[in-house]
Engineer: 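One structure coming up, written as structure tokens, with questions to follow.
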Protein chains: 2
Amino acid sequence: MQANIKRLAEHIGSLGGVIRPHVKTHKSVEIAREMKAAGHTKGITVSTLQEAEYFFAAGFNDILYAVGIAPNKLSHVRDLIERGCDLSIVLDNLDMARVVTDFANAENVRLKVLIEIDTDNHRAGVKPDSDQLIAIGQCLHEASNIILQGVMTHAGESYSCFTHESQLAMARQERDLSVLAATRLREAGFPSPVVSVGSTPTAFAIDDLSGITEVRAGVYVFFDLVMAGLGVCDVEEIAAAVMTSVIGYQRDKNWVITDAGWMAMSRDRGTADQPIDQGYGLVTDLAGRPLNDFIVADANQEHGIVSPRDNSTTINYDDFPMGSLLRVLPNHACSTAAQYTDYIIVDGEAIIDRWHSTIGW
Amino acid sequence: MQANIKRLAEHIGSLGGVIRPHVKTHKSVEIAREMKAAGHTKGITVSTLQEAEYFFAAGFNDILYAVGIAPNKLSHVRDLIERGCDLSIVLDNLDMARVVTDFANAENVRLKVLIEIDTDNHRAGVKPDSDQLIAIGQCLHEASNIILQGVMTHAGESYSCFTHESQLAMARQERDLSVLAATRLREAGFPSPVVSVGSTPTAFAIDDLSGITEVRAGVYVFFDLVMAGLGVCDVEEIAAAVMTSVIGYQRDKNWVITDAGWMAMSRDRGTADQPIDQGYGLVTDLAGRPLNDFIVADANQEHGIVSPRDNSTTINYDDFPMGSLLRVLPNHACSTAAQYTDYIIVDGEAIIDRWHSTIGW
């Protein structure tokens, strides 16, 4: 984990940029502190107001809540701000801009707002070349209790980019279109001091951050099988795993049964659409060495079914003694980590600490 | 929810049987009490020792931990028993039977054990007609600190039975093969006072419980889209939903963006293999009336993408005002409910209570 954190810090640092780490992946104060200690960071990004509360209570003050705001969360936002949290919120349409400006006026609270830009046709956000962008900017800029911070985007489409070249192209597109949006806002007379981009694949791929003020990324702290499938990391760099026990065999089906099912791994099957389908996770030994091609091929709520990928070999059951422990690398670290409220921290095979994490909304 | 609980209680009661409700679906003490209050129940079933702790602390004493035991959980089991919990454990192989009998002797603790039977070729369990079954029975029966309770099975393959006839056939198979296993144990001179079966589809389908001492089922308390897809319930009977806000539109893609992504719904795509794929969930209005064919077609961690199934109609955005609330029915109630530690209890649209639930291991 520390090597992964260092790798991105050094890359973004070498480009003269800063990272606003997305803590949604780990939801752990201790890990956020590790990210901060590696340098080249500014504040944090969160995906829920529960995360904002949790990290604010631990001393993290500069927080971007990077999911489009909903009206029924504004009271919570105001409460956090009034307690001293330097919280920014996000929206991508004029209707919500009006809801937010009305709230700020009615409640007499100053809200920092970023406009979400759609740079990859993937999810949320206003198009950078649209009239709607300028209309939102004007609405926010003219409201006396709104501080228009600028623009943010997330090129989630980078999860479909399987080569460095395509990841670099997506990173440049993410950068160029968010800079375009900020430039258009400025030319219309509105401020855009912040131009915030990011996803783990584009953060590692980008080679020039001109015009970008911060890079958001989260999953790089652990990496996972989806990132390995994209070539963003090696399987050996994956820093989070689920520990499980062998509890049974079904020899006629070439299965080992474990006590880590989909509740333990999450239901995330993110590698199902990749060239190498890792099932519910890739099995390693206790030291983290991958057992070549043993995956959690299927899962029930609390049962995992370990078998060779494509059932290509016959299991030597002596390799999986009853009751023995295995590690399973996750498809998607964000979804697997969110099934837990504690991390067992290891250095090699030695347990050195236990760190808490938060969950929920 | 109360109607669902009543429906199974009346059915099993009419057959002269009792339910050992599986609380893994809801993990809530209050809901377990509702199940108990409906009658025709005996004890509870849990899927983790964390659940055993949680329900034992709330006064539930008779608990079956229905996942094959692992050696590193035996100390916890002993601890629960020594504090007065009437806990039974499960195993399906001779190696684990020896581990458990050695532990019981070494620690001088009396352990109640059930043998898991494979009645549907689906997951764990020893075959009912195998020599291994008798060998396990002998190992457990001869151990002085083991109370051999009998047999248990779970016909999870019933989730692939799409007609009442096939569900009934699977229920009879589950019953007959578990009775066969118990009979073989008894004929070999070993006791089998308990013959425990169950899954929600087979529990509703079964028409004769001769030889069966208890029926385990869990998801019936809420039902879900997978159960509706099997014809076990109607969509209107689904009693758990996720509340979400409309936070954006992507009109060019015919999308409504909400703040309930896969973290809120879980990653469970259980209907993907059914005739009607419900995406990440079926959208209803605030009163729970399904909006015909609007599903969460895709999801990010905290974003849901609502669109018409197969994009067959053009969204009238006036039906989805910005900031308005929707409910989403889950594919799989067990996985969705486990993303939360609280339930908002409603009667129609009125909020009448808030109940806590547990998570983790």
Engineer: Determine, step by step, whether A/Trp361 and A/His76 satisfy the ring-ring contact (aromatic ring centres under 6.0 Å, His included) criterion, reporting the C-alpha distance in whole Å, the side-chain angles of both residues, the deciding distance to 0.1 Å, and the verdict.
Structural biologist: CA-CA 11 Å; A/Trp361 289 268; A/His76 193 176; over 10 Å; no
Engineer: If I measure from the heavy atoms of chain B, does A/Asp298 come under 4.5 Å with its side chain, its backbone, both, or neither?
Structural biologist: neither
Engineer: So for A/Leu91, is it side chain, backbone, both, or neither that comes closer than 4.5 Å to the heavy atoms of chain B?
Structural biologist: neither
Engineer: Just checking, is any N or O donor in the side chain of B/Thr153 or B/Thr119 under 3.5 Å from an acceptor N or O on the other one?
Structural biologist: yes
Engineer: Given heavy-atom pairs under 4.5 angstrom as the criterion, report whether the side chain, backbone, both or neither of B/Asp342 touches chain A.
Structural biologist: neither
Engineer: So which part of A/Val99 gets closer than 4.5 Å to some heavy atom of chain B, the side chain, the backbone, both or neither?
Structural biologist: neither
Engineer: Below 4.5 Å from any heavy atom of chain A, which atoms of B/Thr341 appear? Answer side chain, backbone, both or neither.
Structural biologist: side chain
Engineer: Do side-chain atoms of B/Arg267 reach the backbone of A/Ser266 as a donor and acceptor pair under 3.5 angstrom?
Structural biologist: no
Engineer: Look at B/Asn300, B/Ile359, B/Asp95, B/Asp92 and state which one has the largest set of heavy-atom pairs under 4.5 Å with chain A.
Structural biologist: B/Asn300
Engineer: Is chain B contacted by the side chain of A/Asp252, its backbone, both, or neither, given a heavy-atom distance below 4.5 Å?
Structural biologist: side chain
Engineer: Taking every heavy-atom pair that is under 4.5 Å apart, which of A/Ala338, A/Gly125, A/Pro321, A/Gly156 has the most such pairs with chain B?
Structural biologist: A/Gly125
Engineer: Any idea which of B/Arg123, B/Met96, B/Gln250 has the most non-hydrogen atom pairs under 4.5 angstrom with chain A?
Structural biologist: B/Arg123
Engineer: With a 4.5 angstrom heavy-atom cut-off, which part of A/Val246 approaches chain B: side chain, backbone, both or neither?
Structural biologist: backbone
Engineer: Taking the side chain as every heavy atom from C-beta outward, state whether A/Thr25 and A/Phe222 have any pair of such atoms under 4.5 Å apart.
Structural biologist: yes
Engineer: Indicate the atoms forming the closest heavy-atom contact of B/Val90 with B/Tyr65, along with that distance.
Structural biologist: CG2-O, 3.6 Å
Engineer: So what's closer than 4.5 Å to chain B heavy atoms on A/His122: side chain, backbone, both or neither?
Structural biologist: both
Engineer: Would you tell me whether B/Tyr340 and B/His356 have side-chain atoms, one donor and one acceptor, within less than 3.5 Å of each other?
Structural biologist: no
Engineer: Let me know if B/Asp268 has heavy atoms under 4.5 Å from chain A in its side chain, its backbone, both or neither.
Structural biologist: both
Engineer: Which bit of A/Glu302 comes within less than 4.5 Å of chain B, counting heavy atoms only: side chain, backbone, both or neither?
Structural biologist: both
Engineer: With a 4.5 angstrom heavy-atom cut-off, could you sort out which part of B/Lys24 is near chain A: side chain, backbone, both or neither?
Structural biologist: both
Engineer: Would you call B/Val126 and B/Ile115 a side-chain contact if the rule is heavy atoms closer than 4.5 Å?
Structural biologist: yes
Engineer: If you measure only the distance, is there a donor-acceptor pair under 3.5 Å linking the side chains of B/Lys253 and B/Asn311?
Structural biologist: no
Engineer: Chain B heavy atoms under 4.5 Å from A/Gln301: which part of the residue, side chain, backbone, both or neither?
Structural biologist: side chain
Engineer: For A/Ser47, is it the side chain, the backbone, both or neither that has a heavy atom under 4.5 Å from a heavy atom of chain B?
Structural biologist: both
Engineer: Counting only non-hydrogen atoms closer than 4.5 Å, does A/Thr244 touch chain B with its backbone (N, CA, C, O), its side chain (CB onward), both, or neither?
Structural biologist: neither
Engineer: Would you mind telling me which of A/Gly248, A/Gly360, A/Ala66, A/Ser335 has the largest number of heavy-atom pairs within less than 4.5 Å of chain B?
Structural biologist: A/Ser335
Engineer: What part of A/Asn93 gets within 4.5 angstrom of chain B, counting heavy atoms only: side chain, backbone, both, or neither?
Structural biologist: side chain
Engineer: What about the rings of A/Trp262 and B/His332, do their centers lie closer together than 6.0 Å?
Structural biologist: yes
Engineer: Do the non-hydrogen side-chain atoms of B/Arg98 and B/Cys139 ever get within less than 4.5 Å of each other?
Structural biologist: yes
Engineer: Can you tell me which portion of A/Lys127 sits under 4.5 Å from chain B's heavy atoms? Options are side chain, backbone, both or neither.
Structural biologist: side chain
Engineer: Kindly indicate whether a cation-pi arrangement holds for A/Arg354 with A/Tyr343, taking the cut-offs as under 6.0 Å to the six-membered ring centre and within 45° of the axis.
Structural biologist: no
Engineer: If we ignore angles and hydrogens, is there a donor and acceptor under 3.5 Å between the side chains of A/Glu174 and A/Thr202?
Structural biologist: yes
Engineer: Top residue by heavy-atom pair count (under 4.5 Å) with chain B, among A/Asn121, A/Asn72, A/Ile69?
Structural biologist: A/Asn121
Engineer: Is the shortest heavy-atom distance from the side chain of B/Ile89 to the side chain of B/Leu114 under 4.5 Å?
Structural biologist: no
